[in-house]
Amino acid sequence: MKPSTKDFYQRVYEVVAKIPEGKVTSYGVIAGYLGVESGARMVGYALNNYDPEQLGYHIPAHRVLNRLGQLTGRAFFEDDSMRERLEQEGVEFTSEYTVNFNKHFWNPFDEL
DNA sequence: GCCTTGACGTTAG
DNA sequence: ACTAACGCCAAGG
């Protein structure tokens, strides 16, 4: 059965929804987990396009960062709500918009 | 249907 | 170690 882009988005949402509180992961890792190694940008695109109403549930998109642990998607959140949420969950920051990836990194495969 | 853009990542210089 | 360029694939103009 041919996986459509819609299914890909759906899978992205499902994976992101499983990220535990206080943990973070990256776009590339999610893409790789879904079998699309070079689809990191699409993950970001999926999150940008995601609609809680249509999806039926809401996902912690603020826990998805780039491979360096930087909050590259902060512009899509209200003010600094992305950083504030992470701090509130106990995530340690190494700089203004960079988290301690080594300490809080979450791998989708660990879930198995 | 071609061109540009982008919540990314890797490689080359 | 730092910066520039390219590859990637879907969406919108």
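Letters go in sequence order (proteins before strands), and every chain restarts at 1. Because the structure is predicted, anything quoted here is derived from the model rather than measured.
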* To do: Would you please name every residue forming a side-chain hydrogen bond (donor to acceptor under 3.5 Å, both in side chains) with Glu87(A), sequence neighbours left out?
  => Arg83(A)
* With sequence neighbours excluded, what pairs up with Asp51(A) under the side chain to side chain contact (heavy atoms under 4.5 Å, CB included) test? -> Glu53(A), Gln54(A)
* Asked: Of the residues in residues 81-100 of chain A, which ones touch DNA chain B at a heavy-atom distance under 4.0 Å?
  -> none
* Non-neighbouring partners of Asn107(A) that pass side-chain hydrogen bond (donor to acceptor under 3.5 Å, both in side chains), sequence neighbours left out -> none
* To do: Using atom types as modelled and distance alone, determine if a side-chain donor or acceptor of Asp79(A) lies under 3.5 Å from a backbone N or O of Ser81(A).
  => no
Would you give me the side-chain donor-acceptor pairs under 3.5 Å for residues 63-72 of chain A, sequence neighbours excluded?
| from | atom 1 | to | atom 2 | distance (Å) |
| --- | --- | --- | --- | --- |
| Arg63(A) | NE | Glu89(A) | OE1 | 2.9 |
| Arg63(A) | NE | Glu89(A) | OE2 | 3.3 |
| Arg63(A) | NH1 | Ile19(A) | O | 2.9 |
| Arg63(A) | NH2 | Glu89(A) | OE2 | 2.8 |
| Asn66(A) | OD1 | Leu68(A) | N | 3.1 |
| Asn66(A) | OD1 | Gly69(A) | N | 3.2 |
| Asn66(A) | OD1 | Gln70(A) | N | 2.8 |

* Asked: Is Val24(A) reachable from Val15(A) through a run of hydrophobic residues whose side-chain heavy atoms are each under 4.5 Å from the next?
  -> no
* What one-letter contact string describes nucleotides 8-13 of chain B from 5' to 3', where B marks a base within less than 4.0 Å of any protein heavy atom, S marks contact via sugar-phosphate atoms alone, and - marks no contact? -> BSB---
* Which pairs count as ring-ring contact (aromatic ring centres under 6.0 Å, His included) when at least one residue sits in residues 80-102 of chain A, sequence neighbours excluded? -> Phe101(A)-Phe105(A)
* Asked: By side chain to side chain contact (heavy atoms under 4.5 Å, CB included), which residues pair with Ser38(A), not counting sequence neighbours?
  -> none
* Sequence neighbours excluded, which residues qualify as salt bridge (charged side-chain N to carboxylate O under 4.0 Å, His left out) partners of Glu84(A)? -> none
* Considering only the C1' atoms, how many Å lie between dC6(C) and dT4(B), rounded to the nearest integer? -> 16 Å
* To do: Please confirm whether the backbone N or O of Gly22(A) pairs with a side-chain atom of His104(A), one donor and one acceptor, at under 3.5 Å?
  => yes
* Are any of the side-chain heavy atoms of Lys103(A) and Val91(A) separated by less than 4.5 Å? -> no
* Sorted by number, the residues of residues 12-24 of chain A with heavy-atom contact under 4.0 Å to DNA chain B -> none
* Asked: How would you label the contact of Phe77(A) with the nucleic acid (heavy atoms, under 4.0 Å): base, sugar-phosphate, or nothing?
  -> base
* Taking only residues two or more places apart in sequence or in another chain, which ones pass salt bridge (charged side-chain N to carboxylate O under 4.0 Å, His left out) with Glu21(A)? -> none
* Outermost DNA chain C nucleotides near chain A [under 4.0 Å, heavy atoms] -> dG7(C) to dA11(C)
* How are the rings of Tyr13(A) and Tyr50(A) set to each other: parallel, tilted or perpendicular (split at 30° and 60°)? -> tilted
